[in-house]
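Computation of the quantities below employed the complete heavy-atom set of this structure, encompassing side-chain atoms and omitting hydrogens, waters and symmetry-equivalent molecules. Along the sequence shown, the residues carry numbers beginning at 1.
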Amino acid sequence: MERKQFELGDVVQMKKQHPCGSNEMEIIRMGMDIRIKCVGCKHSVLIPRAKFEKNMKKVLRSNASTEGLSGLQ
């Protein structure tokens, strides 16, 4: 099975909603643990990478695509 691709600054959709009702999270730190910040209420959570990869559904907005556009202006 192919590993999910994600980078620092990506906004990802999680399988379960945050208590505020949003299921969109921004990746703000990566390592053995990953810190994600809720897009809705700005609360951040540190979770193990394995648990994050299991609970991540898909990447909604990639940071790599926005970096390429900002360099053109």
Side-chain angles (χ1 to χ4, degrees):
M1 188 168 93
E2 186 178 327
R3 291 182 67 128
K4 297 177 182 174
Q5 298 294 318
F6 51 87
E7 297 177 11
L8 189 65
D10 288 356
V11 177
V12 298
Q13 182 180 15
M14 303 300 282
K15 289 182 182 175
K16 293 185 179 180
Q17 288 186 351
H18 189 253
C20 74
S22 175
N23 63 348
E24 295 182 12
M25 301 283 187
E26 179 183 359
I27 301 171
I28 57 175
R29 180 180 176 267
M30 289 179 58
M32 282 301 295
D33 296 323
I34 295 182
R35 183 170 297 274
I36 54 177
K37 179 173 68 173
C38 178
V39 173
C41 67
K42 308 296 187 217
H43 184 261
S44 68
V45 181
L46 186 69
I47 58 175
R49 179 180 285 267
K51 187 174 181 182
F52 172 79
E53 288 179 353
K54 179 182 161 206
N55 292 333
M56 185 184 87
K57 219 178 206 181
K58 62 182 176 180
V59 176
L60 297 175
R61 292 184 295 275
S62 177
N63 190 30
S65 62
T66 57
E67 284 178 358
L69 295 176
S70 63
L72 298 174
Q73 296 174 351

*Check M56 against V12 and note the closest heavy-atom contact, atom names and distance.*
SD-CG1, 3.6 Å
*asked:* I need the minimum non-hydrogen distance between H18 and C38, along with the two atoms involved.
replied: ND1-SG, 3.8 Å
Connected via hydrophobic side-chain network under 4.5 Å: [X] and [Y]:
X   : Y   : answer
L60 : I28 : no
V59 : M25 : yes
V11 : F6  : no

*Residues two or more places apart in sequence or in another chain: which of them pass side-chain contact (heavy atoms from CB on, under 4.5 Å) with K16?*
none
*Between NZ on residue K58 and CD on residue Q13, distance to nearest 0.5 Å*: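 K58 NZ to Q13 CD: 5.0 Å, rounded to 0.5 Å.
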Show me the side-chain donor-acceptor pairs of residues 39-54 shorter than 3.5 Å, one per line, residues at least two apart or across chains.
unit_1: K42; atom_1: NZ; unit_2: V39; atom_2: O; d: 3.4
unit_1: S44; atom_1: OG; unit_2: R35; atom_2: NH1; d: 3.4
unit_1: R49; atom_1: NE; unit_2: G31; atom_2: O; d: 3.0
unit_1: R49; atom_1: NH2; unit_2: G31; atom_2: O; d: 3.1
unit_1: E53; atom_1: OE1; unit_2: R3; atom_2: NH2; d: 3.3
unit_1: E53; atom_1: OE2; unit_2: R3; atom_2: NH2; d: 2.8

